[in-house]
Amino acid sequence: MSRSKGSEVLLGWAVIGVGAGLWEVVAHVKGFRFLPAPTVVFSSIPTFITRGGLGNVIVPSLWRVFVGICIASFAGVAVGITIGYFSRLDAYSRAVIDFVRSIPVAAVVPLAIMMFGSTDTMSISVIAFGSVWPILVNAVDGSRRVDPVLIDTARVSGLPNHGLLFRVILPASLPQIVAGLRVALAIALIMVILSEMIGSVQGIGYHIVVAQRGFRVPQVYAGVLMIGILGWLFHLAFRILERYVLAWHFARSERS
Amino acid sequence: MPEGDRRLTASRLARRWSPASLPRSTALGKRSAKGLAGIVIFASLWELLLVLRIVNPDFVPSVLPIVADTATNLRDGPLREAVGITLSASALGLAIAIVFGVSIGLMMGLSRWLNAALSPVVEFMRPMPSVALVPVAILIFGLGFRMTVALVVFAATWPILYNTLYGLTHLEPLLLDTARALGLTSSRIVARVMVPAALPSILTGVRVSASTALILAITAEIIGGAGRGIGFYIISASFAGDFVRAFSGVFMAGLLGYLINFLLHVVDRHIVAWSFGYHQQEK
């Protein structure tokens with residue numbers, strides 16, 4: 001797929017274009033109720049965003065993802081590095097972590113609604129719960145794999161304990177933690193939509209469900225499209241962040 | 001005796017039960033004992049948080065009632081029915097997804113033009129969070145079992161399709177050259193060389209999809225608030241204020257997820273062992 005020629009790339013886009021065109025024509029002629037034409041979907045994006053008030057659709061969702069990811073990163077890295085560094089903890093914690101991790105995260109949303117009601121706290125706690133695991137597991141793995149020579153060298157050079165943590169172990173396991181963070185971000189986007197669909201009064205997920213209950217079909221599709229675009233933007237932003245934070249790592253692996 | 005021969009012989013039996021092999025099994029026992037201890041510690045911490053009122057006991061029940069409620073309702077109660085419904089929705093969806101994913105993946109993997117024509121569509125659709133499509137699925141299929149299955153199919157098709165395609169397009173060139181040099185017809189090359197060589201990758205896709213299927217089934221049931229599966233069990237209990245039952249539903253969901261992951265892990269180890277042996281033989 002990576003070595004495709006120009007003509008093949010063109011063919012792929014042609015297929016998308018022709019497919020969308022066909023869909024458009026069929027939707028206009030036959031008028032399927034639940035399959036609106038692409039142009040109708042695109043043109044209802046502004047309506048979707050502004051209907052609930054400009055600041056009530058995208059902004060709350062983004063804010064919840066941001067806070068949730070911050071909590072998940074902090075907790076995941078702290079607990080993960082502790083388990084990774086004190087390797088005895090691993091055998092005790094593994095069964096519990098594996099079990100809690102295999103709970104389908106959607107299942108905890110009703111519990112969070114019982115505890116916190118339809119609030120930001122509910123959404124944020126669900127996001128943090130869902131996205132902490134990839135960060136935690138990668139932090140355990142990353143900090144366990146730190147080259148022992150590196151640690152010994154730091155000790156011999158008289159680095160104090162917190163120096164060892166912040167100057168050696170954390171940077172050495174950072175590439176893997178960032179890999180976990182990438183997965184966590186994708187989960188966070190899913191969790192924010194999910195929590196808003198089930199119990200919220202704001203955000204993209206909530207407004208999709210409202211549109212669905214009111215049978216405003218094009219707006220449902222517009223909302224889904226918004227999520228796709230948001231996911232793509234997250235991916236892009238993350239790539240830039242990764243390049244910036246891990247510049248030293250990439251430089252090092254290119255040299256060797 | 002050839003290296004690949006796994007038949008049990010007297011000497012192997014003796015070796016298996018010799019004292020030299022014992023430390024490994026006791027190490028395993030020690031590990032699971034520690035895991036068990038970890039679970040007990042976790043449960044005690046949970047109780048401690050409740051007793052100290054750091055967590056509000058009005059909302060969070062203690063551990064034993066949850067486990068007891070799960071056991072009672074699983075033996076002869078609504079939870080048993082819910083588990084059956086959720087598992088059958090996931091299994092049905094996964095089966096349809098395997099048919100879709102493998103056949104489309106095969107077509108794309110075998111035809112360069114079809115691959116070029118469809119890969120942008122696949123690249124567009126694949127990263128779409130399936131959760132976002134729940135409202136669309138509700139619009140099209142209504143509330144209930146069909147909607148759940150449709151979502152499972154959508155979510156579970158992509159990993160299978162992608163891995164089938166990957167397996168077919170990343171074959172060892174030497175394998176194909178050898179087959180061609182031996183004068184195999186192209187249909188035989190596909191059936192006897194390409195598909196078997198891609199099989200481990202296809203199975204990896206199925207493995208990923210199997211855990212996705214369960215997650216999506218439960219998610220659809222929760223958002224749809226219908227279907228009478230575990231998701232519905234959890235959400236109806238929590239909206240009725242029955243906290244013990246809601247937690248027990250989540251516990252059950254976790255248990256199912258854990259068991260499926262465990263089974264897939266075991267299967268995966270066998271697949272990896274087999275494909276590794278396969279490649280060893282090739283070389």
Side-chain angles (χ1 to χ4, degrees), chain A residues 1 4-5 7-16 19 33-35 88-89 91-111 113-115 186 189-191 193-194 197-198 204-205 208-209 211-213 215 217 220-221 223-224 226-228 231-232 235, chain B residues 30-32 34-39 41-42 56 59-60 112-113 115-121 124 127-136 138-140 165 169 211 214-216 218-219 222-223 230-231 234-235 237-239 241 243 246-247 249-251 253-261:
Chain A
M1 279 192 294
S4 45
K5 287 176 289 191
S7 59
E8 292 182 354
V9 173
L10 213 64
L11 176 68
W13 286 98
V15 167
I16 290 184
R33 190 160 178 218
F34 297 130
L35 215 60
R88 278 159 177 243
L89 285 177
Y92 291 98
S93 58
R94 178 144 301 220
V96 173
I97 289 176
D98 277 352
F99 178 77
V100 181
R101 199 155 78 95
S102 33
I103 297 175
V105 267
V108 301
V109 177
L111 300 184
I113 295 175
M114 290 196 303
M115 285 181 230
L189 183 63
I190 293 173
M191 293 315 292
I193 302 298
L194 197 62
M197 279 181 178
I198 302 172
I204 298 179
I208 291 179
V209 169
Q212 175 237 315
R213 291 192 182 140
F215 286 98
V217 181
V220 175
Y221 282 86
V224 172
M226 284 290 315
I227 296 171
W232 182 71
H235 175 76
Chain B
K30 231 179 206 170
R31 259 193 96 75
S32 22
K34 279 181 181 170
L36 217 60
I39 293 170
I41 294 168
F42 179 74
N56 190 344
F59 294 134
V60 181
R112 206 183 155 85
W113 285 104
N115 188 358
L118 291 183
S119 60
V121 181
F124 258 144
M128 176 65 81
S130 319
V131 174
L133 290 171
V134 176
V136 174
I138 293 176
L139 279 176
I140 297 175
L165 187 58
T169 46
S211 55
L214 179 77
I215 294 172
L216 249 290
I218 293 179
T219 308
I222 288 180
I223 299 181
I230 297 180
I234 295 167
I235 198 146
S238 61
F239 286 166
F243 299 112
F247 269 89
V250 174
F251 178 63
L255 215 56
L256 281 182
Y258 187 76
L259 285 179
I260 287 182
N261 284 340

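From a predicted model like this one, the values you see are computed outputs, not experimental measurements. Proteins get letters first, then strands, A, B, ... in listed order; numbering begins at 1 in each.
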* Asked: Do you know which of L36(B), I215(B), V131(B), I41(B) has the most heavy-atom pairs under 4.5 Å to chain A?
  -> V131(B)

* Quick one: what part of I39(B) sits under 4.5 Å from any heavy atom of chain A, side chain, backbone, both or neither? -> both

* Part of I97(A) within contact of chain B (heavy atom distance under 4.5 Å) -> neither

* Among L255(B), V60(B), L216(B), V134(B), who wins on heavy-atom pairs under 4.5 Å with chain A? -> L255(B)

* May I ask you to check whether F99(A) and F251(B) place their ring centers less than 6.0 Å from one another? => yes

* Structure fact -> When rounded to the nearest 0.5 Å, the distance separating CD1 of I193(A) from CD1 of I223(B) is 9.5 Å

* **chain A contacts, top residue of G35(B), G241(B), P135(B), A237(B) (heavy-atom pairs, under 4.5 Å)** => P135(B)

* To do: Identify the two heavy atoms, one from M115(A) and one from F59(B), that lie closest to each other, and give their separation to 0.1 Å.
  => CG-CB, 3.9 Å

* Report yes if some heavy atom in the side chain of P110(A) is under 4.5 Å from a heavy atom in the side chain of I222(B); otherwise report no. => yes

* Look at L11(A), V108(A), I190(A) and state which one has the largest set of heavy-atom pairs under 4.5 Å with chain B. => L11(A)

* How about Y92(A): does its OH atom have over 12 heavy atoms from other parts shown lying under 6.0 Å from it? -> no

* With a 4.5 Å cut-off on heavy-atom pairs, point out which of G38(B), G257(B), A117(B) contacts chain A the most. => A117(B)

* Asked: Using a cut-off of under 4.5 Å for heavy-atom pairs, which of L89(A), D98(A), L189(A), L111(A) has the most such pairs with chain B?
  -> L111(A)

* Structure fact -> Checked A107(A), A95(A), G223(A), A211(A) vs chain B; the most non-hydrogen pairs under 4.5 Å come from A107(A)

* Asked: Looking at NZ of K34(B) and CZ of R88(A), how far apart are the two atoms once the value is rounded to the nearest 0.5 Å?
  -> 7.0 Å

* When only pairs under 4.5 Å are counted, which of I140(B), I260(B), V136(B) shares the most heavy-atom pairs with chain A? -> V136(B)

* To do: State, yes or no, whether a side-chain contact exists between P129(B) and I227(A) at a heavy-atom distance under 4.5 Å.
  => yes

* chain A contact via L259(B) - side chain, backbone, both or neither, heavy atoms under 4.5 Å -> neither

* Asked: Counting heavy-atom pairs under 4.5 Å to chain A, which of G249(B), A253(B), S130(B) comes out on top?
  -> A253(B)

* To do: Let me know which of L256(B), I218(B), T219(B), I230(B) forms a side chain to side chain contact (heavy atoms under 4.5 Å, CB included) with P104(A).
  => I218(B)

* Structure fact -> Bottom line for M197(A): the part with an atom under 4.5 Å from chain B's heavy atoms is side chain

* Any side-chain heavy atom of F215(A) sitting closer than 4.5 Å to one from L139(B)? -> yes

